[in-house]
Structures are given as structure tokens and as C-alpha cells.
Amino acid sequence: MRSVDVLVLGAGITGISAALHLQGRGWNALVVDAQGPGEVSSRGNTGILERTGFLPLDVPSGAGEVLSSVLGRGPAMRIEARTLPALLKFLRLARQHTASPSVGRLARALAPLQSSAIGEHLAIARAASAFRFFRRTGWLKIYRSERGLASCEVERHFARIIGVPYEDCGAHDIARLEPDLVVRGAAGVFWPESQSVSSPGGVTKAYARFFRERGGEIASGDPSSLEPAWSGWQVRTARGMVAANHVVLALGADTLPLLARFGLSMPLAELCNRHRHFRAVSGVGLSRPVSDVDGGFLLTPMERGVRLVADRQLAPAGRPGDEEAGSPGFERAVERARALMPLGASVEDVPVVGRRVLTPDGLPAIGQVPGAAGLWLQLGSGSAGFALAPAMGRMLAELMSGDPVFVDPVPFAPARLLVG
């Protein structure tokens with residue numbers, strides 16, 4: 001049986017970023033996944049490197065909001081009635097963390113991780129010849145109601161405290177930034193330090209190529225075959241069993257069955273959404289990601305066309321909704337998006353489903369699993385996973401190497417969430 005220093009299970013942006021940082025510190029890392037790099041969640045997101053995500057994701061809070069989500073009213077996050085019982089614990093914990101004192105603590109914990117994320121991305125992108133994917137055009141959020149605009153005041157409050165610039169926009173300012181949008185009477189907030197990419201999957205694949213060019217290996221294998229071995233851990237790959245003293249679990253919700261073998265569980269949920277690309281219309285352009293907050297959708301320019309992301313659904317981790325089912329909510333978002341901006345024909349026959357793992361406090365779990373020597377976690381960054389992955393990978397590599405950690409690791413420790 002061959003052996004390496006560390007097995008990284010998961011070839012998405014999270015796993016590849018961790019492998020690159022470990023490799024840079026002298027670890028012989030083997031990435032194992034059943035699919036190729038960037039083939040699942042890493043290619044199905046907004047591709048935004050945000051400088052706005054200071055707060056936990058705004059999940060339904062209180063009986064009224066939960067009922068509205070179950071009934072599918074408005075553009076809010078949707079919950080299927082059959083999954084509600086399994087989500088109650090997550091919702092209860094999430095509500096506790098959105099209380100005022102907790103929000104401030106979480107924002108302060110996340111700020112240094114987020115502030116370093118873009119720089120970590122760009123450093124890897126330059127070395128991996130992936131800089132062409134990146135745009136420094138900011139992120140525009142549009143609000144069509146006073147209530148919608150008021151909903152972002154907490155975000156702007158923490159932006160002022162942390163020192164992240166933003167610009168309040170009227171309809172004239174929005175037209176200056178994006179002349180082809182139809183925004184009568186709307187207001188907006190522009191976040192100039194946010195960046196975005198034209199292909200999240202392309203970025204992940206470029207990072208994976210860079211990892212290989214530096215001597216790393218990515219193997220096809222079955223992460224669920226992980227088991228203890230005399231040398232620490234072992235996993236089955238297409239070329240046989242491979243052993244290592246350390247394992248990094250970067251599998252999203254697929255991490256839960258592996259933890260269950262040790263009698264451990266985590267109160268996680270999944271944020272599922274759908275996206276579809278639309279061909280460009282002659283003479284019409286989009287320069288940056290644009291969120292229509294009251295409309296419940298986001299448009300962003302991608303290599304395949306304009307990507308529409310909509311129909312957010314909260315589901316129990318590992319048990320998402322029916323991907324094959326139709327989505328009236330997504331089709332309504334298409335209609336609203338066409339009213340905002342002319343869109344051509346759709347590229348895909350059906351919308352693509354993407355999944356993101358959420359923790360109830362909104363902070364990712366990064367660190368060692370207590371009582372399981374050599375077993376490390378990196379998951380739960382929610383909709384900011386693509387943006388935060390390189391910074392999370394650096395933090396994990398510093399923890400594993402015994403180096404000084406550039407952020408306080410305590411708020412991110414997996415022990416805070418593990419139940420066993």
C-alpha cells in the first residue's frame with residue numbers, strides 16, 4: 001500500500017485550495033474524489049468574491065417567516081413542508097445566532113478571514129495562470145422597496161465598522177454603472193471591492209492544474225471508503241488503497257456519513273438554488289454581478305452567457321429537495337429578470353442545481369475533529385464558499401503545520417458544532 005502525508009477528500013474549490021496550501025508547506029498531498037476537479041458545487045455558484053458577507057445567512061426566523069417560506073410566498077428562501085421537521089433544530093440554533101449580540105461577535109470573527117480571501121485567490125490565480133477569469137468591477141445590489149433597502153442597513157453598519165467601502169445609489173447611479181438595466185424608482189448599494197469570476201469551474205480546474213504542475217496528484221476514488229488504518233487512515237482509489245496520517249474532509253454534506261461512523265453529527269443545512277445561462281442580446285451588456293434583492297435573483301456575466309441564480313431553498317444537509325422537479329419559483333424569477341434586462345435564449349434545457357452547506361452560526365468549521373487523531377474538517381461556508389476557500393485552506397494548513405494562524409481559529413473550531 002502506498003502512503004502520502006495527507007489525503008484531501010473532495011476536489012472542489014475548498015479541497016483544491018487546502019491541498020495547494022498544504023503542498024506549499026511541504027506536505028505530500030493526494031486529492032481524492034469520485035469526480036474531476038470543479039465538477040459539482042464549485043462550478044454552480046455565483047462566482048462572487050464578496051466584501052459584504054459580514055453576517056450569518058438570513059435564514060427564516062420566527063414562525064411567521066418559516067410559514068411564509070413553506071408556503072413559497074415572495075422571493076424569500078423556500079422550505080419544503082416535508083423537510084421542515086428535520087430543519088427545526090437548525091432553524092432554532094440559527095435564530096439564536098442572529099440575535100444582536102451574537103451577530104456582532106460573528107461579524108468580527110469572520111472579518112479577517114474575509115478580508116484576506118481576495119488576496120489569497122489572486123495570489124493563486126497569478127501563479128496558476130487563471131487571472132483572466134477575474135473581474136474587479138464590484139457588485140451591485142438593487143432594492144425596489146423601502147423595506148428591502150432597510151434590510152441591508154445592518155450589513156452597511158458592519159461595513160462602516162470594519163472599513164469596507166460602499167456607495168448608496170439612486171436610479172441615475174445604477175444607470176451609470178449598468179446602462180442596460182431597467183430600474184425605474186429603484187435604489188441600490190454598490191460594493192466596489194467585491195470581485196467576481198467568469199467561470200468558477202474554470203478557476204477550480206486551473207488551480208487543480210497548478211497543484212499537479214507542482215507535483216501533486218488528484219486521484220479518482222471513493223471518499224466514502226475512508227477508514228482507520230495502522231498508519232492513520234486509508235481510502236480506496238482507482239489505483240488501489242492509499243494511506244496517510246492525516247485526512248482533510250472537504251466534501252460538503254457528504255462529510256456527515258463519515259462523521260456518523262464515529263458517533264458524531266453536526267446540525268447543518270443545505271442551501272440549494274438553481275441557475276441557468278442565457279445568451280447575450282446584441283447591444284446589451286452586463287459588467288458585474290447584479291442582485292435584485294426584492295426580486296429574489298442574481299444576474300452575473302459568465303463565459304457561457306448571463307447566469308441567472310434564483311429559487312433559494314433550505315433543506316436538511318444530505319437530503320436536498322427533488323432536483324428533477326419543476327421550479328415555478330425559478331420560472332417567475334426568469335420573468336422578473338427579463339423585465340430588468342433583455343436576455344436571449346437559455347443555454348441549458350433545465351436549470352442546474354447547486355448546493356452549499358450552512359452552519360447555524362454562519363461560520364465555517366475549520367480544524368481537527370476531537371477524539372479522531374489526524375482527521376480535519378473544512379466545510380460550512382455557505383454561499384461564500386468559493387470566495388473564502390483559499391483563505392480557509394491557508395488557515396487549515398497553518399493549523400495542521402503548527403504554524404502561527406493568521407486569524408483566531410477558536411470561533412471556527414468544529415468542536416462547537418459536533419454532537420456525539
Side-chain angles (χ1 to χ4, degrees), residues 14 17-18 21 48-59 61 90-123 138-139 141 150-168 189-195 266-269 271 291 356-368 370 376-399 403-418:
T14 301
S17 295
H21 277 287
I48 298 175
L49 312 182
E50 59 189 60
R51 287 293 284 128
T52 65
F54 318 112
L55 308 175
L57 192 69
D58 187 19
V59 300
S61 175
F90 174 87
L91 291 170
R92 175 173 52 81
L93 293 172
R95 184 178 185 183
Q96 294 173 5
H97 289 295
T98 55
S100 189
S102 294
V103 167
R105 177 179 59 83
L106 297 173
R108 287 189 294 272
L110 189 59
L113 189 69
Q114 191 202 61
S115 67
S116 68
I118 292 178
E120 294 292 338
H121 253 298
L122 296 180
W139 182 7
K141 296 185 180 183
S151 69
C152 76
E153 178 49 39
V154 176
E155 186 172 50
R156 289 183 289 179
H157 167 73
F158 282 105
R160 293 190 292 270
I161 292 174
I162 295 168
V164 177
Y166 66 87
E167 301 171 17
D168 292 320
V189 178
F190 178 56
W191 299 89
E193 288 191 356
S194 292
Q195 298 189 26
M266 302 179 81
L268 305 176
L271 176 65
S291 294
R356 310 286 177 269
V357 174
L358 306 177
T359 62
D361 63 4
L363 298 180
I366 307 171
Q368 189 164 13
W376 301 81
L377 288 184
Q378 184 167 308
L379 82 165
S381 47
S383 58
F386 182 83
L388 293 179
M392 291 167 56
R394 174 184 167 185
M395 177 181 170
L396 182 69
E398 289 172 349
L399 284 169
D403 296 334
V405 182
F406 76 103
V407 297
D408 180 6
V410 174
F412 304 94
R416 77 187 195 279
L417 299 171
L418 287 166

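With no hydrogens or angles considered, a side-chain donor-acceptor pair links Tyr166 and Arg160 at under 3.5 Å.
The shortest non-hydrogen separation linking Ala365 to Met266 is CB-CE, 4.0 Å. Closest heavy-atom contact between Met392 and Leu379: CE-N, 4.5 Å. The two residues Leu399 and Val405 come nearest to each other via the heavy atoms CD2-CG2, 3.7 Å.
Considering only residues two or more places apart in sequence or on other chains, Glu398 meets the salt bridge (charged side-chain N to carboxylate O under 4.0 Å, His left out) condition with Arg25, Arg394. Remark: His21 engages no residue in a ring-ring contact (aromatic ring centres under 6.0 Å, His included) (not counting sequence neighbours). Remark: Ser116 engages no residue in a side chain to side chain donor-acceptor pair (under 3.5 Å) (not counting sequence neighbours). Listed by chain and number, the residues in a side chain to side chain donor-acceptor pair (under 3.5 Å) with Arg92 amount to none (sequence neighbours excluded). Ala109 pairs by the side-chain contact (heavy atoms from CB on, under 4.5 Å) definition with Leu363, Pro411, not counting sequence neighbours. Residues satisfying the side-chain contact (heavy atoms from CB on, under 4.5 Å) criterion with Ala117, sequence neighbours excluded, are Leu388, Ala391. Asp168 meets the side chain to side chain donor-acceptor pair (under 3.5 Å) test with Arg156; sequence neighbours excluded. Take Thr359 and apply the side chain to side chain donor-acceptor pair (under 3.5 Å) test, not counting sequence neighbours, and it matches Asp361. The side-chain contact (heavy atoms from CB on, under 4.5 Å) test applied to Ala387 returns Leu49, not counting sequence neighbours. Remark: Phe190 engages no residue in a ring-ring contact (aromatic ring centres under 6.0 Å, His included) (not counting sequence neighbours). With sequence neighbours left out, Ile161 forms a side-chain contact (heavy atoms from CB on, under 4.5 Å) with His157, Phe158.
In this structure, Ile366 CD1 and Ser381 OG are separated by 8.0 Å, a value rounded to the nearest 0.5 Å. His121 NE2 to Phe386 CZ: the interatomic distance, rounded to the nearest 0.5 Å, is 4.5 Å. Taking CD1 of Ile162 as the reference point, atom CZ of Arg51 lies at 7.5 Å (rounded to 0.5 Å). Once rounded to the nearest 0.5 Å, the distance linking CZ of Arg95 with CG of Leu93 reads 12.5 Å.
Partner Glu50 forms a side-chain contact (heavy atoms from CB on, under 4.5 Å) with one of Glu193, Gln114, Gln195 and no other, that one being Gln114.
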Checklist entry - Can Phe406 and Leu113 be said to form a side chain to side chain contact (heavy atoms under 4.5 Å, CB included), step by step? => result CA-CA 8 Å; Phe406 76 103; Leu113 189 69; 3.9 Å; yes
